[in-house]
Amino acid sequence: MKTALEQRPQVQVRVRSRQRFKISWTSIAFLTPAIVCFLLFKYYPLVQAVYMSFFDYKVINPPGKFVWLDNYKYLIHSTEFWNALKNTFAFFFIYFILTFWVPIVQAVLLNEIKFASKTLRSLYLLPTAVPAVAGYLLWKWLYNPDYGLLNYLLHFIGLGPYGWLNDPATAKWSIVLPGVFATGMGMLIYYSALQGIPSENIEAAKIDGAGPWRRMRSIVFPSLKFIIGIQFISFISGVFLTFDPMYIMTGGGPANSTRTLSMLVFNSSFKEFRFGVAGSISFVMFIIIAIITYAQIKVSNRD
């Protein structure tokens with residue numbers, strides 16, 4: 001017969017195994033609404049788009065004729081699709097050059113300013129209260145080659161007029177430029193991360209003789225590495241799904257130089273009623289975003 005000391009470890013193992021599989025119903029209750037929303041408004045539309053891409057989808061009599069991979073073959077031979085794909089990547093690089101690093105610089109500068117910092121944070125966030133559509137319409141008026149304010153001001157220094165949105169060489173840059181002034185939320189996220197850096201580390205670096213750039217490179221940027229990675233993933237999907245500025249300011253012109261994949265989805269579905277083609281384009285966009293996101297995560301984990 002086993003003694004009490006010999007039985008004790010078995011009891012501990014049994015208790016630990018029960019605790020390991022303990023279900024936290026409170027966590028499940030809080031996560032359930034978010035999971036349901038993601039399933040209904042994110043994953044179900046994606047699955048539906050993939051399903052529609054295999055049909056010549058008819059809204060009146062769904063799903064229509066089964067065409068297997070014909071919609072994807074159409075995309076391969078479509079110059080319109082490849083032009084939209086090229087424009088999408090062009091916008092991606094322009095947005096990255098002009099807008100991605102702006103909130104980081106703003107947050108670093110604001111973190112160094114101790115006077116009236118609350119007022120400055122409020123001023124940075126104020127543009128987010130303006131509806132995006134209203135902002136794009138305002139910039140479209142500013143860019144007007146005949147009576148726009150931008151050409152009017154340039155006239156006084158002997159420049160212009162320029163066809164900002166009418167010239168394929170400047171249309172993309174003109175569409176992205178308003179994004180430089182709309183980085184309030186991103187700036188606030190980086191600013192909050194900077195506030196979490198212990199001030200002792202900064203003071204110790206100053207005592208050791210580290211200059212501003214050395215402190216940025218050795219302390220600040222490593223502390224922001226995780227936040228920058230998360231923001232970059234959100235930036236990727238945001239750029240590839242951007243629709244409003246191109247649709248409002250140029251409508252895809254001039255000469256289809258600003259027509260992106262998201263606009264092609266809109267035109268294929270709601271103007272040409274080719275929902276199967278729109279579904280195939282949406283799935284291609286998902287694959288591209290997933291590949292870039294996966295590569296970015298692998299690079300971040302390697303570092």
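Note: hydrogens, waters and symmetry copies are ignored here, and every other heavy atom, side chains too, is used.
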Side chain to side chain, [X] and [Y], heavy atoms closer than 4.5 Å:
{"X": "F54", "Y": "V67", "answer": "no"}
{"X": "E80", "Y": "N256", "answer": "no"}
{"X": "F81", "Y": "V277", "answer": "no"}

Nearest heavy-atom neighbours spanning [X] and [Y]:
{"X": "Q296", "Y": "F232", "value": "CG-CD2, 3.2 Å"}
{"X": "I189", "Y": "I227", "value": "CG2-CG2, 3.7 Å"}
{"X": "G163", "Y": "P145", "value": "CA-CB, 4.3 Å"}
{"X": "M249", "Y": "K140", "value": "O-CE, 3.7 Å"}
{"X": "K58", "Y": "G64", "value": "CG-CA, 4.1 Å"}
{"X": "A278", "Y": "S269", "value": "CB-CB, 3.8 Å"}

Nearest 0.5 Å, what's the [atom1]-[atom2] distance between [X] and [Y]?
{"X": "H155", "Y": "L150", "atom1": "NE2", "atom2": "CG", "value": "14.0 Å"}
{"X": "L110", "Y": "Y191", "atom1": "CG", "atom2": "OH", "value": "5.0 Å"}
{"X": "S262", "Y": "F91", "atom1": "OG", "atom2": "CZ", "value": "9.0 Å"}
{"X": "I248", "Y": "I175", "atom1": "CD1", "atom2": "CD1", "value": "10.5 Å"}
{"X": "I219", "Y": "L224", "atom1": "CD1", "atom2": "CG", "value": "12.0 Å"}
{"X": "K298", "Y": "T293", "atom1": "NZ", "atom2": "OG1", "value": "14.0 Å"}

Under 30°, 30 to 60°, or over 60°: which ring-plane class applies to F240 and F92, parallel, tilted or perpendicular?
tilted

Indicate the ring-plane relationship of F270 and F275, choosing parallel, tilted or perpendicular according to the 30° and 60° boundaries.
perpendicular

Derivation of the side-chain hydrogen bond (donor to acceptor under 3.5 Å, both in side chains) call for T170 and Y162:
CA-CA 9 Å; T170 59; Y162 298 102; over 6 Å; no

Hey, mind stepping through T242 and T260 against side chain to side chain contact (heavy atoms under 4.5 Å, CB included) and telling me if it holds?
CA-CA 8 Å; T242 299; T260 59; over 6 Å; no

Intermediate values then yes/no, side chain to side chain contact (heavy atoms under 4.5 Å, CB included), V239 and I236
CA-CA 5 Å; V239 171; I236 293 171; over 6 Å; no

Can I281 and S268 be said to form a side chain to side chain contact (heavy atoms under 4.5 Å, CB included), step by step?
CA-CA 9 Å; I281 300 172; S268 299; 4.0 Å; yes

Under 3.5 Å, side chain of [X] to main-chain N/O of [Y], donor-acceptor pair present?
{"X": "N87", "Y": "R259", "result": "yes"}
{"X": "S280", "Y": "Y72", "result": "no"}
{"X": "N71", "Y": "F55", "result": "yes"}
{"X": "S53", "Y": "V50", "result": "yes"}
{"X": "W82", "Y": "I76", "result": "yes"}
{"X": "K172", "Y": "T258", "result": "no"}
{"X": "T99", "Y": "F96", "result": "no"}

Ring pair (Phe, Tyr, Trp, His ring centres under 6.0 Å) evaluation trace for Y147 with Y152
CA-CA 7 Å; Y147 51 83; Y152 175 76; over 10 Å; no

Same cluster for [X] and [Y] if Ile/Leu/Val/Met/Phe/Trp/Tyr side chains link at under 4.5 Å?
{"X": "V102", "Y": "F93", "value": "yes"}
{"X": "L142", "Y": "L159", "value": "yes"}
{"X": "I35", "Y": "I28", "value": "no"}
{"X": "L109", "Y": "L188", "value": "no"}
{"X": "L149", "Y": "W173", "value": "yes"}

Let me see the working for I104 and F221 under side chain to side chain contact (heavy atoms under 4.5 Å, CB included), right down to the final yes or no.
CA-CA 10 Å; I104 302 177; F221 283 128; 4.1 Å; yes

Which of Y136, W141, Y143 passes ring pair (Phe, Tyr, Trp, His ring centres under 6.0 Å) with W139? Answer is Y143

I'd like to know whether the aromatic ring centres of F100 and Y95 sit less than 6.0 Å apart in this structure.
no

Should the heavy atoms of other residues, nucleotides or ligands under 6.0 Å from CZ of F38 be counted, would the total exceed 12?
no

Surrounding CZ of F66 (heavy atoms of other residues, nucleotides or ligands, distance under 6.0 Å), is the total greater than 12?
yes

If you measure only the distance, is there a donor-acceptor pair under 3.5 Å linking the side chains of [X] and [Y]?
{"X": "N151", "Y": "W164", "value": "yes"}
{"X": "Y57", "Y": "R274", "value": "no"}
{"X": "N111", "Y": "Q195", "value": "yes"}

